[in-house]
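Step one of this worksheet: look at the structure below.
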Amino acid sequence: MKMKNIIAGSLLGLSVLQAGLCAATPVQAVVQVSGPDIFTAQSIRSQMEKVANWQWQFIHNKGWANPETNWTNGAMYAGMVALSKITVNPFYTQRLMQIGRDNDWNTGPDRFFADEYCIGQMYAQLYTAHKDPVMITKFRQLADSIVAAPHTEPLDWKNGIHHREWAWCDALFMGPPALGYLSTATGDPRYLETADKLWWKTTDFLFDKADSLYYRDARYFDQKEKNGAKVFWSRGNGWVMGGLARLLDNMPATYANRARFTDLFKKMAYRIAALQTADGTWHASLLDPESYPAKETSGTGFYVYALTWGVNNGILPEKDFMPVIRKGWQALTDCVQPNGKLGFVQVVAAAPGKATADDSEVYGVGAFLLAGSELIKYDLRKSSPDDITLNNTTGLYREDEIVEIPYDQFIAKLDKETRKSFKVTDVLYDQEIPYQLVYEGGKTPKKVLLLVNIAPAASKYLAVKAGAPAPVKARAYGRFVPERKDDYAWENDRMAYRMYGPALEKTPKEMAYGIDVWAKRTTDMVIDTWYKLDNYHHDNGQGLDYYSVGLTLGAGDTAPYGKDTIYFPKNYRTWKRLDNGPLRTTFALTYDTWQAGNIPVSVTKTISLDAGSQLNKMQVQYTFKGEQLPVVTGIVKRKDPGAVLLDEKNGVMGYWEPQHGEDGTLGLGCVFPVAVPGMKTDNVHLLSPGTANSQHPYVYYTGAAWNKGGRITSATEWFNYLEAFAQKIKEPIKVTIQ
């Protein structure tokens with residue numbers, strides 16, 4: 001979905017927003033839960049999405065209360081990034097990306113005011129996945145000036161000191177983590193070192209060693225609450241603890257000063273845990289909660305986040321802190337209204353104040369989401385320690401992507417009963433994951449294929465349990481077609497293809513060499529029906545075959561090449577089907593020996609097509625005498641002009657054909673796992689040269705899209721798909737079996 005500006009005045013329509021919020025999965029029924037169920041990862045994820053969706057809907061309806069670069073929103077973005085890492089829904093990342101574009105990836109106008117560069121945390125985190133330098137260029141320039149500044153002014157609350165220094169405790173959430181995440185993103189330690197130095201400047205000034213708490217700023221040193229206690233603001237100290245956790249998250253284990261930060265974290269954690277009230281929250285004033293009797297969820301959210309982070313990272317003992325954390329999360333979820341609104345958030349302030357059930361602010365939502373994200377980690381660690389984690393390390397939405405796991409690794413920790421029959425489940429959504437066992441023509445499984453959706457830079461947590469898996473509808477299929485002159489045809493839920501057998505050679509007028517494409521607008525398998533009807537050159541509502549191959553490489557076939565000559569073999573002679581759905585179809589075609597110039601050559605082409613993919617995997621194994629064989633991969637050109645992409649650096653060759661009357665337009669493309677110098681066009685083909693050897697197959701990917709198929713409708717979209725595909729094969733989803 002191409003995101004539009006969602007600022008007030010040009011908001012996305014409600015229907016579009018809702019579509020974005022459920023782009024990857026069916027709408028989940030949100031149920032108010034109570035009791036122990038609220039502590040399961042699935043329930044926590046559901047609550048997080050419910051609260052986040054309410055917040056985005058509120059912004060959609062009412063507009064932004066403060067500029068998008070404002071600290072209030074910066075805190076919300078921190079939570080939204082955390083949510084984006086565990087949800088299947090790409091909307092949250094897409095929305096954050098749009099905010100970056102709205103702001104031209106800049107921080108707020110008051111350059112040295114920490115509130116104005118809190119948003120740098122989000123920019124650095126997005127950059128880590130997307131690797132687009134524009135995301136951090138302006139923030140990095142600001143950070144360089146912060147590093148270079150002398151920072152010698154005293155922190156007394158006068159002369160506008162907060163516009164230049166971290167003179168108030170809130171700043172320890174806004175500023176240090178922003179610099180810490182930038183160090184992680186860039187590998188430049190100066191930003192973390194500066195955060196370290198300035199953290200302790202602020203701490204030496206505002207931290208009360210007797211109470212292990214921070215004053216909000218110098219104005220509160222001598223102030224007292226009604227009960228005579230010192231004024232320690234709950235959310236202010238929540239900012240500090242949240243900032244500590246986030247800074248430590250960006251501090252290497254070997255970092256020289258890490259132990260000092262850890263010691264401070266422990267001191268504050270024990271003090272904060274002792275101040276939790278009977279209702280599970282921390283009221284606005286930590287030492288005089290009776291004067292502020294209402295619950296307060298923004299400080300509580302940051303405390304639950306930080307304390308759970310401490311348990312997850314082995315800094316705080318579980319037995320001492322999990323009762324406090326559970327009580328706090330129960331209180332937080334009790335403050336979530338049926339529509340997802342988080343209440344009891346103290347409004348923007350600098351000191352303790354009232355909070356009501358109707359009070360909600362974006363930073364409270366951010367704290368809630370951060371807390372939930374750590375609780376999910378805790379529950380997964382406790383309840384699913386031996387299962388599978390899939391990590392998408394890219395900024396791409398991995399939609400309908402096949403993940404391969406060697407079968408022996410997959411079953412290594414399964415008991416005998418589970419090995420007999422198992423199902424794979426997404427732990428956070430309690431949804432079964434379709435899978436296929438791959439035999440590669442043998443009698444025992446070689447791989448397990450999982451069909452998944454993973455949001456940008458997100459993780460998916462899978463459990464393998466004994467039981468009969470749900471039936472999987474065929475989304476990939478292929479077969480030998482003797483009734484049509486020995487075609488071998490194959491398809492998935494996107495497109496269909498065929499290659500030609502020996503019988504076609506007996507009809508010279510129909511003779512063709514390369515890969516043929518059938519255009520589809522249905523996810524159903526159509527090969528058998530279309531061949532039976534024998535009318536597939538006409539669009540019957542599901543698509544048609546109008547692609548012309550002839551004596552060319554067609555849609556991305558490969559052949560030996562030399563002296564500007566393509567040495568075509570005759571059509572394939574034998575076929576072998578290795579696997580046939582429901583998620584992958586694989587077959588091998590073997591060709592008789594032919595002369596490539598003076599070199600006798602034979603070849604076996606092993607072709608795989610996965611559900612959800614526009615491209616086939618081609619493994620072309622040549623046999624010949626010698627070490628190297630020049631080859632070329634080609635896409636046939638049409639007489640009228642089309643759009644051409646020759647990206648040698650990323651190994652992408654793309655073609656968007658001219659429109660073929662009422663039939664529409666086909667996009668063809670090839671993706672190579674390495675750079676391909678020398679791409680070119682001639683009178684017949686787009687060509688990508690390569691070198692094959694007789695020891696290993698020549699591997700690449702080729703396929704097509706149809707503008708009437710409803711998914712890819714323009715050259716820009718097709719070329720973007722090919723470039724993204726190239727990135728995906730270079731950065732596959734990472735599989736961890738605990």
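These values consider heavy atoms only, across backbone and side chains, with no hydrogens, waters or symmetry-generated copies.
At least one donor-acceptor pair under 3.5 Å links the side chain of Asn693 to the backbone N or O of Gln695. Between the side chain of Gln621 and the backbone N or O of Thr604, no donor-acceptor pair lies under 3.5 Å. Here the side chain of Tyr655 pairs a donor or acceptor atom with the backbone of Arg638 at under 3.5 angstrom. For the pair Tyr497 (side chain) and Ala704 (backbone), a donor-acceptor distance under 3.5 Å is present. With Arg577 contributing its side chain and Gly478 its backbone, the two residues share a donor-acceptor pair below 3.5 Å. No donor-acceptor pair closer than 3.5 Å links the side chain of Thr606 to the backbone N or O of Thr586. Side-chain N or O atoms of Asn392 include none that pairs as donor or acceptor with a backbone N or O of Gly395 at under 3.5 Å. Glu68 places no side-chain N or O within donor-acceptor distance of the main-chain N or O of Asn103, the cut-off being under 3.5 Å. Asp516 contributes no side-chain N or O that, together with a main-chain N or O of Arg498, makes up a donor-acceptor pair within less than 3.5 Å. A donor-acceptor pair under 3.5 Å is absent between the side-chain atoms of Arg246 and the main chain of Pro177, judged by distance alone.
For the atom pair SG of Cys118 and CG of Asn73, the computed distance is 9.5 Å after rounding to the nearest 0.5 Å. Here the CG atom belonging to Leu451 is positioned 5.5 Å from the CG atom belonging to Leu583, to the nearest 0.5 angstrom. Between the CD atom in Gln727 and the NE2 atom in His130 there is a gap of 9.5 Å [rounded to 0.5 Å]. Of the inter-residue distances, the one linking Leu544 atom CG with Trp530 atom CH2 reads 6.5 Å to the nearest 0.5 angstrom. Ser548 OG to His660 NE2: the interatomic distance, rounded to the nearest 0.5 Å, is 7.5 Å. Once rounded to the nearest 0.5 Å, the distance linking CZ of Arg140 with OG1 of Thr186 reads 4.5 Å.
In this structure, Asp102 and Trp64 have side chains that are not in contact, with every pair of non-hydrogen atoms separated by 4.5 Å or more. The closest side-chain heavy-atom distance from Met525 to Thr585 is not below 4.5 Å. For the pair Lys447/Glu440, a side-chain contact is recorded, criterion being any heavy-atom separation below 4.5 Å from C-beta on. Looking only at side-chain heavy atoms (C-beta outward), Thr665 and Trp706 stay at 4.5 Å or farther from each other. Counting heavy atoms from C-beta on, the side chains of Val636 and Tyr547 come closer than 4.5 Å. Side-chain contact between Asn106 and Thr69 is absent, with no heavy atoms from C-beta onward closer than 4.5 Å. Between Asp647 and Leu722, the closest side-chain pair of non-hydrogen atoms is not below 4.5 Å. With contacts defined as side-chain heavy-atom distances shorter than 4.5 Å, the pair Tyr698/Leu629 does not qualify.
The two residues Leu609 and Ala476 have their closest heavy-atom pair at O-CB, 3.7 Å. Taking all atoms of both residues into account, the shortest heavy-atom contact from Ala724 to Leu396 is O-CD1, 3.6 Å. The heavy-atom pair separating Gly651 from Val676 by the smallest distance is CA-CG2, 4.1 Å. Between Lys85 and Ala457, the shortest heavy-atom contact is CG-O, 3.7 Å. Ile729 and Tyr701 get closest at one heavy-atom pair: CD1-CE1, 3.7 Å. Here the shortest heavy-atom pairing between Asp426 and Leu462 reads CA-CD2, 3.9 Å.
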Test salt bridge (charged side-chain N to carboxylate O under 4.0 Å, His left out) applied to Asp539 and Lys708, step by step = CA-CA 11 Å; Asp539 189 349; Lys708 290 189 174 183; 5.3 Å; no

Decide yes or no on side-chain contact (heavy atoms from CB on, under 4.5 Å) for Met48 and Ile376, but give the supporting numbers first.
-> CA-CA 10 Å; Met48 291 172 69; Ile376 284 175; 3.8 Å; yes

side-chain contact (heavy atoms from CB on, under 4.5 Å) between Tyr700 and Val620, intermediate numbers included = CA-CA 9 Å; Tyr700 67 101; Val620 184; 4.1 Å; yes

Under the side-chain contact (heavy atoms from CB on, under 4.5 Å) rule, what do Tyr191 and Asn250 come out as? Steps first, then yes or no, please.
-> CA-CA 11 Å; Tyr191 308 121; Asn250 290 279; over 6 Å; no

Lys446 and Tyr407: side-chain contact (heavy atoms from CB on, under 4.5 Å), yes or no, with the steps?
-> CA-CA 5 Å; Lys446 301 295 191 300; Tyr407 182 75; 5.7 Å; no

Kindly indicate, with the supporting measurements, whether the criterion salt bridge (charged side-chain N to carboxylate O under 4.0 Å, His left out) is fulfilled by Asp104 and Lys138.
-> CA-CA 9 Å; Asp104 197 23; Lys138 292 178 180 177; 2.4 Å; yes

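Remark: of the listed residues Asn683, Thr681, Thr552, Thr681 is the sole one forming a side chain to side chain contact (heavy atoms under 4.5 Å, CB included) with Lys637. Test Tyr500, Phe568, Tyr567 against Tyr513 for ring-ring contact (aromatic ring centres under 6.0 Å, His included) and you get one pass: Phe568.
For the residue pair Thr633 / Thr558, a side-chain donor-acceptor distance below 3.5 Å is found, with atom types taken as modelled. Looking at Trp490 and Asn616, their side chains do bring a donor and an acceptor atom within 3.5 Å of each other. Between the side chains of Glu49 and Thr87, a donor-acceptor pair is found at a separation under 3.5 Å. Side-chain contact check for Asn53 and Tyr92: at least one donor-acceptor pair (N or O, by modelled atom type) lies under 3.5 Å. Residues Arg95 and Gln98 have side chains that never bring a donor and an acceptor to within less than 3.5 angstrom of each other.
Salt-bridge check for Glu731 with Lys131: failed, with every basic side-chain N at 4.0 Å or more from each acidic carboxylate O. For Lys473 and Asp493, the salt-bridge test fails: no basic side-chain N is under 4.0 Å from an acidic carboxylate O. Under the 4.0 Å criterion applied to side-chain N and carboxylate O atoms, Arg494 and Asp400 are assigned as salt-bridge partners.
Heavy-atom neighbours of Glu662 CD from other residues, nucleotides or ligands within 6.0 Å: at or below the threshold of 12.
Between Phe725 and Tyr721, the two ring planes are tilted [angle within 30° to 60°].
The six-membered or imidazole ring of Phe587 lies away from that of Trp575, with a centre-to-centre distance of 6.0 Å or more.
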